[in-house]
**Student:** 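Once you've had a glance at the structure underneath, I'll fire off some questions.
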Amino acid sequence: MIKACIRVLSLLFAVSVISFLLVSASPIDPVQQYINGLGTAVSPQQRAEIEDYWGVNEPPIQRYFSWLGELLHGNLGESAIYRRPVGEIIGERFVNSLALMFCAWVLAGVIGFSLGCVMGMFQDKWADRILKKICYILSSVPTFWLGLMFLLVFSVWLKWFPIGFSSPIGVLDEDVTFGQKLYHLILPAFTLSLMSFANIALHTRQKLVDVLHSEYVLFARARGEGRRTILLRHGLRNILFPALTLQFASFAELFGGSVMAENVFSYPGLGSAVAAAGLNSDVPLLLGVTLFSALFVCVGNMIANLLYGVVDPQVREVVE
Amino acid sequence: MKQKEETLLEIHDLSVSFRMYGQGLEQEELRVISDLHLTVHPGEIVAIAGSSGSGKSLLASAILGILPDNATVRGHLHYKGEELTAERQRQLRGKEIALVPQSVAFLDPLMKVGKQADGHVKPRPVEKRKSLFRRLELPEKTEQFYPFQLSGGMARRVLVSTALLVDAQLVIADEPTPGMSLNQALEALKLFREMADEGRAVILITHDIDLAFAFADRIAVFYAGTTVETAPASDFQKGPDALRHPYSKALWSALPQNGFTPIDGFQPYAGNLPEGCLFAPRCPYKKPECERAVPPVREVRGGEVRCYCSV
């Protein structure tokens, strides 16, 4: 446990160093961005004062450590485009994103796992062949394109779902009902889940195929167990753990996919914030989101590791 | 017909081949069992002895009907005088015909041993299994173990217990003894002996020939996927003159206590079998007809043999 925490911290440290270096090396001028955001003219003298105040002309290592110091005090800086503390923006956006990612994550897991089981049980039969092709197509299609197609078909043509945003237009925030939020969530969540469920389905299929070809399933058959019994007694037991690990390790893809999906559906989550920050050279927000997403993905992987130790008797016994 | 009623299992000219893709898209037929002949009577232990890679384990799968999809089976299997169809195999396996597999790999790695030994039948035969475990010297706590926590010998005893649990009429034991101490192996074989004495039949697939000699009634010598000779176990104790097939004689002479003398050559590869007798390429008594056609099964001095030369 302590080891895992140290690993997370050292990873975050590395991410902070690298992202800081990348930003320093990029042609983005944070002072200019800040001035642009002010909306008033600034004289060269005032500009120099800002630069002095921010420490732009200090050596990079010193700048890095003063940034890190603020970071450790919980100060992520102020966003240049939103004019609000970065921590606050991340917190607020993350709640939206979390709802979206969680729905997509559960959907992808459930659909992917069940489809994988069907494909594995009917290996090389027509059901498997068709589903496998669908999975290959889905995993090669980019999310944003799929999102656009869904918008076109379900929102524009069929008018089943709203075009975008997380709540209806023209309604005050406090008046938005849970149902309305959910309604706005369905299409983006489904799009996002399509990205990873094909992957999960194909992995589950392969794992089940391996299990069904194992010697212990051969013995189960020799003892008179039927296909159904074998799936329930041995199949699920042996494919569930790898599937769970995969599920938690998919946080990275999920986060990456949410950037696309949120932009296509104009969904106000962390993903669209990072895109906005990138496009508008909002350095503090960009760095903040980078660190946060690293933490998010890392926690996912850590859960996957810990979970394996909890549920798999072979790993559990070794640890004990 | 009379004989069929007395036998429990009768195998005639059984061949098993696999379709494999060779180079390119060419399909290759791998014949792993060829023209196999075997009869098993109630109350006896028939040992199937042969070197590894001779198709012994696949014979077990063929009898149980659990060969992979790409396998083709030809020939006749009769169980209790009736044709053993796929449907009948499905009904009988795990109930009347039981398998004792080779190793711990045949146990589900994520299921506790007790639950696994009980099998999928409901209600779980917990009491019976516990008493079997005691009899096989498996400690009480074994049932709480996962397969990876078992020693090789313990795993085999658990596997043996599964066959005893269902009161099978025919038990096919695939290498049941390696990894056990001599005492444990003797105990396991004693159990098989008891089963046979109660009127069941046991097919003991093994390469531990000494143990086979001691416990089996008859020994079928397996070579390149066929039984070249089936003889009473006592013939193997008498020596090569009592045996019928040149391979059986060579096998006898190759045993450590009989001089350790090997013969030249290798067992032929399943994809490249000779036309006639499978042993012909290595046989010192080879005659021209041996290379033309597979010799028929003949009764010679109370044993069955596939050879033109034996008298």
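Naming: A, B, ... by sequence-line order, numbering from 1 per chain. Every value quoted in this text rests on a predicted model; they were computed, and no experiment measured them.
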**Student:** Does a donor on one side chain and an acceptor on the other come within less than 3.5 Å for A:Ser250 and A:Glu253?
**Tutor:**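 No donor-acceptor contact under 3.5 Å links the two side chains.
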**Student:** Under a 4.5 Å heavy-atom cut-off, does chain A meet the side chain of B:Ile63, its backbone, both or neither?
**Tutor:**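 Neither part.
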**Student:** Of the options A:Leu208, A:Leu202, A:Ile130, which is the one that meets A:Met119 in a side-chain contact (heavy atoms from CB on, under 4.5 Å)?
**Tutor:**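 The residue from A:Leu208, A:Leu202, A:Ile130 that satisfies side-chain contact (heavy atoms from CB on, under 4.5 Å) with A:Met119 turns out to be A:Leu202.
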**Student:** Does atom CZ of B:Phe145 have more than 12 heavy-atom neighbours from other groups under 6.0 Å away?
**Tutor:**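 Enclosed: over 12 neighbouring heavy atoms sit under 6.0 Å from CZ of B:Phe145.
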**Student:** Based on non-hydrogen pairs under 4.5 Å, which of A:Gly224, A:Ala220, A:Ala222 is most in contact with chain B?
**Tutor:**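 Winner by heavy-atom pair count: A:Ala222.
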**Student:** Chain A: which of B:Ile97, B:Leu99, B:Leu64, B:Thr162 shares the most heavy-atom pairs with it under 4.5 Å?
**Tutor:**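 Counting heavy-atom pairs under 4.5 Å, the top option is B:Thr162.
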**Student:** Distance-only criterion, 3.5 Å: show the donor-acceptor pairs between side-chain atoms of residues 102-120 of chain B and protein atoms not counting sequence neighbours.
**Tutor:**
residue  : atom : partner  : partner atom : Å
B:Gln102 : NE2  : B:Ser57  : OG           : 3.1
B:Gln102 : NE2  : B:Asp174 : OD2          : 3.4
B:Ser103 : OG   : B:Ala105 : N            : 3.3
B:Asp108 : OD1  : A:Asn238 : ND2          : 2.9
B:Asp108 : OD1  : B:Leu110 : N            : 3.0
B:Asp108 : OD2  : A:His234 : ND1          : 2.6
B:Asp108 : OD2  : A:Asn238 : ND2          : 3.2
B:Lys112 : NZ   : B:Gln144 : OE1          : 3.4
B:Gln116 : OE1  : B:Asp108 : N            : 2.4
B:Gln116 : NE2  : B:Asp108 : O            : 3.3
B:Gln116 : NE2  : B:Met111 : O            : 3.3
B:Asp118 : OD1  : B:Arg129 : NE           : 2.8
B:Asp118 : OD2  : B:Arg124 : NE           : 2.9
B:Asp118 : OD2  : B:Arg124 : NH2          : 2.9
B:Asp118 : OD2  : B:Arg129 : NH2          : 3.2

